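We count residues from 1, following the sequence as given. Small disclaimer: the values here were computed from a predicted structure and weren't measured.
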Amino acid sequence: MYESFYGLTEKPFSIQPDPDFLFMSQRHAQAYSMLEYGMMSRAGFTVICGDIGCGKTTLVRRLLNKLGEEVRVGLVTNTHQDMGNLLEWIMLAYGLPFEGKSQVSQYDAFQQFLIAEYGMGHRVVLIIDEAQNLSVPALEYLRMLSNINADKDQLLQMILVGQPQLRDNLKRPELTQFAQRVAVDYFIPPLGTVEVADYIEHRLRVAGRDRKLFSPLAMAKIGKAAQGVPRNINTLCDMALVYGYAYEARVIDVHIIDEVLHDRSQFGVLGDHPPTKAGESLPGRE
C-alpha cells in the first residue's frame, strides 16, 4: 500500500518474526551470544526470557538458520498447561512415531533415538517456545530427560524460551533441582530511547530506504508509547506509515504519531493508550 510511496521494497514493520530484520541491540547481541555459547558448550539447559514481543523468537530463528546439518532440532511451540503427555509432543517435533505406545515404550524409543543420533555424530536440540506455560510436572519431566547421557556427553540439549513468568517459575522451591541444571540464561529488557530510533531506522534500511523517514520526536513518542517493546514499535510504525501515506506526508512527524495514538485509544478495539481529552485538538491536525 505505502511501500512505493516511501521507496520501500517491502513492509518494514511486520510483526512476524523475520531474522532478516533482526536488530541487534546490545542486549539482543548478548542474548544471541548466550544462545551460541549454550550450543557450543553442549549446555543441558539454556533459558532465554523477555517480555512479549521483545524479539526472543526472532533470535531463535536466526540461530536455527546458522545450525549445520549435524544438528537435529525439534521445536515445540504450542505449549499450554494441559498438554498431557509432553513426550508425545517432543517425539512429534522430531517426526518420531508415538501412537499406540505406552509411556515406557515412548521413553525407550526416544532414548534409542538420542543414542542413534549420537552414534552418527549428531547433536539433538529441543527448543520449547512459550515455555512459561509448562507446568511444574512438565518441567520436572524435562529435567528427567536431561539425565540421558553417554559418559560425559549430553545427548539432549534443551533451549527454553519464554516470558518473565518462566523466570519466576524457575525460582520456585520445587524447581530448585531444575534451576541448578540451567547452564546458560539471559533476560532481554525493552529497548532504550536511543535504541528505539536505531531500531526503526535499521528496519527501514533493510526494507530499502536509506533516507530519514521518522522525525526524532516521532521516534521518541513511539518508543515511549510502545514501552520499548519491538512488536509494539512495529505496530505503531506500520500504522503511522498508513496515516502518512493517506496524508501524502513525506516525513512521519510527531503529529502523525499523536493522531495514531489518539485514534487507537478512541476507536481501536484494545484502546491501549490514554485518549485525548474531549474538545482537545491534535497538534497540526485542526
Side-chain angles (χ1 to χ4, degrees), residues 16-22 24 28-50 54-80 83-99 101 106-134 138-150 152-163 166 170 178 181-186 188:
Q16 298 301 318
D18 187 343
D20 291 338
F21 279 90
L22 179 61
M24 281 295 199
H28 284 82
Q30 289 176 339
Y32 187 75
S33 294
M34 289 295 183
L35 281 170
E36 285 192 314
Y37 175 73
M39 287 296 303
M40 292 173 57
S41 64
R42 297 180 178 268
F45 285 102
T46 297
V47 177
I48 301 294
C49 291
C54 75
K56 304 181 297 294
T57 301
T58 307
L59 282 175
V60 170
R61 289 188 182 276
R62 175 166 181 168
L63 178 71
L64 291 177
N65 288 343
K66 291 185 175 293
L67 295 179
E69 295 181 356
E70 77 282 358
V71 182
R72 288 288 305 272
V73 177
L75 183 60
V76 177
T77 58
N78 50 352
T79 57
H80 50 85
M83 290 185 70
N85 184 355
L86 179 58
L87 184 54
E88 290 185 351
W89 292 90
I90 295 172
M91 295 180 74
L92 178 65
Y94 290 104
L96 302 175
F98 60 87
E99 294 181 335
K101 296 177 180 288
Q106 289 172 2
Y107 179 83
D108 180 64
F110 186 65
Q111 182 173 242
Q112 293 306 315
F113 161 73
L114 294 178
I115 293 172
E117 291 295 319
Y118 178 76
M120 291 185 288
H122 297 166
R123 281 189 290 161
V124 180
V125 178
L126 174 65
I127 300 174
I128 300 183
D129 204 358
E130 301 298 340
Q132 76 279 352
N133 295 326
L134 294 177
L139 289 169
E140 276 295 290
Y141 190 79
L142 292 179
R143 184 180 68 83
M144 185 191 72
L145 289 181
S146 73
N147 290 330
I148 303 175
N149 53 55
K152 296 185 294 183
D153 292 329
Q154 193 87 37
L155 297 192
L156 177 64
Q157 292 181 250
M158 288 178 259
I159 299 174
L160 304 188
V161 183
Q163 297 168 28
L166 173 61
L170 295 182
F178 185 101
R181 299 286 183 94
V182 177
V184 178
D185 64 288
Y186 198 82
I188 305 173

*Nearest 0.5 Å please: distance from the CG atom of Leu96 over to the CE atom of Met91.*
5.0 Å
*Compare all side-chain heavy atoms of Leu155 with those of Val124 and state whether any distance is below 4.5 angstrom.*
no
*asked:* Testing the basics here: between Tyr94 and Val125, what is the closest heavy-atom pair and its distance to 0.1 Å?
replied: OH-O, 2.6 Å
_Side-chain heavy-atom pair Leu156, Leu126 within 4.5 angstrom cut-off_ = yes
*Should Leu160 and Phe178 be marked as a side chain to side chain contact (heavy atoms under 4.5 Å, CB included) after you check the CA-CA gap, both sets of side-chain angles, and the distance that decides it?*
CA-CA 12 Å; Leu160 304 188; Phe178 185 101; 3.6 Å; yes
*asked:* Assess the residue pair Asp185 and Thr46 against the criterion (side chain to side chain contact (heavy atoms under 4.5 Å, CB included)); give the C-alpha distance rounded to whole Å, side-chain angles, the decisive distance to 0.1 Å, and a yes or no.
replied: CA-CA 6 Å; Asp185 64 288; Thr46 297; over 6 Å; no
*Any luck finding a side-chain donor-acceptor pair between Thr57 and Asp129 under 3.5 Å?*
yes
*With side chains defined as the heavy atoms from C-beta onward, is the minimum distance between Ile188 and Tyr186 less than 4.5 Å?*
yes
*Measuring from Ser33:OG to Met40:CE, what's the distance to the nearest 0.5 Å?*
10.5 Å
*Starting at CZ of Phe45, measure out to CD of Gln154 and round the result to the nearest 0.5 Å.*
8.0 Å
*Where do Ile90 and Val76 come nearest, in terms of heavy atoms and distance?*
CA-CG2, 4.4 Å
_Are Leu87 and Phe98 packed together at the side-chain level, in the sense that at least one heavy-atom pair is separated by less than 4.5 angstrom?_
no
*Measure across Ala131 and Ile128 and return the closest heavy-atom pair with its distance rounded to 0.1 Å.*
CB-O, 3.8 Å
*State the CD-OG1 distance between Glu130 and Thr79, to the nearest 0.5 angstrom.*
6.0 Å
*Apply the side-chain hydrogen bond (donor to acceptor under 3.5 Å, both in side chains) test between Gln106 and each candidate in Gln111, Glu88, Lys101; give the one that qualifies.*
Glu88
Which side-chain N or O atoms in residues 138-148 pair as donor and acceptor under 3.5 Å with protein atoms at least two apart or in another chain?
| residue | atom | partner | partner atom | Å |
| --- | --- | --- | --- | --- |
| Glu140 | OE1 | Arg143 | NE | 3.2 |
| Glu140 | OE1 | Arg143 | NH2 | 2.9 |
| Glu140 | OE2 | Arg143 | NE | 3.3 |
| Arg143 | NH1 | Gln177 | OE1 | 3.4 |
| Ser146 | OG | Arg143 | O | 2.5 |
| Ser146 | OG | Arg181 | NH1 | 2.8 |
| Asn147 | OD1 | Arg181 | NH1 | 3.0 |
| Asn147 | OD1 | Arg181 | NH2 | 3.1 |

*Less than 4.5 Å apart, any side-chain heavy atom of Val161 and any of Ile159?*
yes
*For the residue pair His28 and Cys54, what are the closest heavy atoms and their distance?*
NE2-O, 2.7 Å
*Interatomic spacing from CD1 in Ile127 to CD in Gln157 - rounded to 0.5 Å*: 10.0 Å
In a table with atom names and distances, give each donor-acceptor pair under 3.5 Å that connects a side chain of residues 59-73 to protein atoms at least two apart or in another chain.
| residue | atom | partner | partner atom | Å |
| --- | --- | --- | --- | --- |
| Asn65 | ND2 | Arg61 | O | 3.4 |
| Arg72 | NH1 | Glu117 | OE2 | 3.0 |

*If you take all heavy atoms of Ala183 and Ala43, which pair is closest and at what distance?*
CB-CB, 3.8 Å
*Contact check, side chains of Asp18 and Thr58, non-hydrogen atoms, under 4.5 Å*: no
